[in-house]
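Here is the naming used below: chain letters follow the sequence lines, and residue numbers restart at 1 for every chain. On a predicted model such as this, the values are computed, not experimentally measured, just so you know.
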There are 2 protein chains.
Amino acid sequence: MTLTKRGEYALRTMIRLGIAEWNEEGVISVSNIAHQEHLPFKFLEAILTELRNAGYVESVRGKYGGAKLAKPMKAITMGEIVRLIDGKLAPIGCASETEYEKCSCPDEEHCGLRMLMIDVRNAIANILDKYTLHDVVDVTLRKQELDPPKKKAVKKPSKSRHADPADGFLALLKNGKL
Amino acid sequence: MTLTKRGEYALRTMIRLGIAEWNEEGVISVSNIAHQEHLPFKFLEAILTELRNAGYVESVRGKYGGAKLAKPMKAITMGEIVRLIDGKLAPIGCASETEYEKCSCPDEEHCGLRMLMIDVRNAIANILDKYTLHDVVDVTLRKQELDPPKKKAVKKPSKSRHADPADGFLALLKNGKL
DNA sequence: CCAAAATCCTATTCGTCAAATAGGATTATT
DNA sequence: AATAATCCTATTTGACGAATAGGATTTTGG
């Protein structure tokens, strides 16, 4: 149930463009984004083409050209971007609201797995369609303000590390940490 | 964010074995499961090997042999099976609680995407780790009882069909339809 | 003892596509 | 004219997901 790299890079790019807009930086070049985010330039170029074709990004050609958001951050949900670049949110096709695909099971009407995966999809959509790019950028900047990143190498997490469930949006907001 | 076929087939197999146990059918052969579920026999054989090695299934060799659940259905969550066969629930590695992987972003501590995906993972886990195989089998059988499947071909859904969010567990339970 | 049904084990294929790379035309600026 | 940048089309490559294959071993019943 992994998001493709393409999907991940697209989201990170949108967030980066959101931060740039917040800071009133104008357009940013693809090479700049690639460098800051440690992403392959050519791959990112193709991703930005998709985002542009879908109207989320606009670009400026020529020297000093680059990309910028084409819509207000509050008008873009994260779910839209995931669906555009990665595909449906549902873990299985028959549980998808937007890209339905019949599955091979013998009795779809009574399939407990399908019902379960519809719930999973609903849960994923409840988050990705609720939070806008603005929210994510806001949280990112607030976190940076609260806990300024150090200039030098941050302590490297070990391989055995895990992501703390309390590090999500909902938990941070609920605990008054943002 | 798609579940692999392997993961899907494993879940369907577990449900099938749960139904068999419910009906006190004893062991079921792999060829029988493959036939009923429209799955490739050899592929299913390998999946069952993994389930057996992990202690979820036990098998009986020889003529009239087959597979059956090795644990009570109430002691198996759907999340366990997904993690075993498909892998982590988190859409990105840095948001995983069980299979953490550092990502390529420049500043993980302040990454809004990571915080968001931790929420998504929490939401997925809240469902898959809450419902047991028993719940899924229960719902499946209840649905069959309420609305008996017809013997002949059920109306084929068209390609443009979508999965109704109201068809999930939570919605069905909430609306008193199960 | 044999045939049939079944699991168990090891191996291989293959096709798709995800991830990335490449080259060059065109645009804008200085 | 040079440089920085987007735009467009194409290609590679390698991994791995999905599936297939063959045969050894076990169990049962005749």
- [ ] Identify whether any heavy atom of A:Gly65 sits under 4.0 Å from a base atom; if not, whether one sits that close to sugar-phosphate; answer base, sugar-phosphate or nothing.
- [x] sugar-phosphate
Task: Side-chain donor/acceptor of A:Arg12 to backbone N/O of A:Glu37, under 3.5 Å - done: yes
Task: Polar pair under 3.5 Å, donor/acceptor by atom type, side chain B:Arg61, base D:dT26 - done: no
TODO: Check the distance between D:dT20's P and B:Tyr9's OH and give it to me in whole angstrom.
DONE: 10 Å
Open item on the list: Quick check on DNA chain C: between A:Val60 and A:Phe41, whose nearest nucleotide comes earlier from the 5' end?
Closed with: A:Phe41
Task: Residue closer to the 5' end of DNA chain C, A:Pro40 versus B:Val30 (nearest nucleotide) - done: B:Val30
Open item on the list: Taking the minimum atom-to-atom distance to the side chain of B:Lys63, which one of D:dA19, D:dA18, D:dG29 wins?
Closed with: D:dG29
TODO: Would you kindly confirm whether B:Ile118 and A:Ile15 end up in one hydrophobic cluster when ILVMFWY residues are joined by side chain heavy atoms under 4.5 Å apart?
DONE: no
Open item on the list: Could you tell me how far apart B:Phe43 (CZ) and D:dA18 (P) are, to the nearest whole angstrom?
Closed with: 6 Å
- [ ] Calculate the interatomic distance between B:Glu45 atom CD and D:dT26 atom C1'; express it in whole Å.
- [x] 14 Å
TODO: Check whether B:Tyr64 and B:Leu69 end up in the same hydrophobic cluster, where Ile, Leu, Val, Met, Phe, Trp and Tyr are linked by side-chain heavy atoms less than 4.5 Å apart.
DONE: no
Task: Boundaries of the chain B footprint along DNA chain C (any atom under 4.0 Å from a heavy atom) - done: C:dA4 to C:dC9
Task: Rounded distance (Å) that lies between atom P of D:dA18 and atom NZ of B:Lys42 - done: 19 Å
Open item on the list: Do A:Val57 and A:Lys68 have side chains that approach each other closer than 4.5 Å (heavy atoms only, starting at C-beta)?
Closed with: no
Task: Stepwise salt bridge (Lys or Arg N to Asp or Glu O under 4.0 Å) test for A:Glu8 and A:Lys5 - done: CA-CA 5 Å; A:Glu8 180 192 328; A:Lys5 288 298 176 190; 3.7 Å; yes
Open item on the list: Taking the minimum atom-to-atom distance to the side chain of B:Lys5, which one of D:dT6, D:dT3, D:dA18 wins?
Closed with: D:dA18
- [ ] State whether B:Asp147 and B:Lys143 are salt-bridged, where the test is any N-O pair (Lys NZ or Arg NE/NH1/NH2 against Asp/Glu carboxylate O) under 4.0 Å.
- [x] no
Task: Rounded distance in Å - NE2 (A:His35) to P (D:dA5) - done: 13 Å
Task: Side chain to side chain, A:Lys130 and A:Met78, heavy atoms closer than 4.5 Å - done: no
- [ ] Can you tell me the distance, in whole Å, between the NE2 atom of B:His38 and the P atom of D:dA19?
- [x] 14 Å
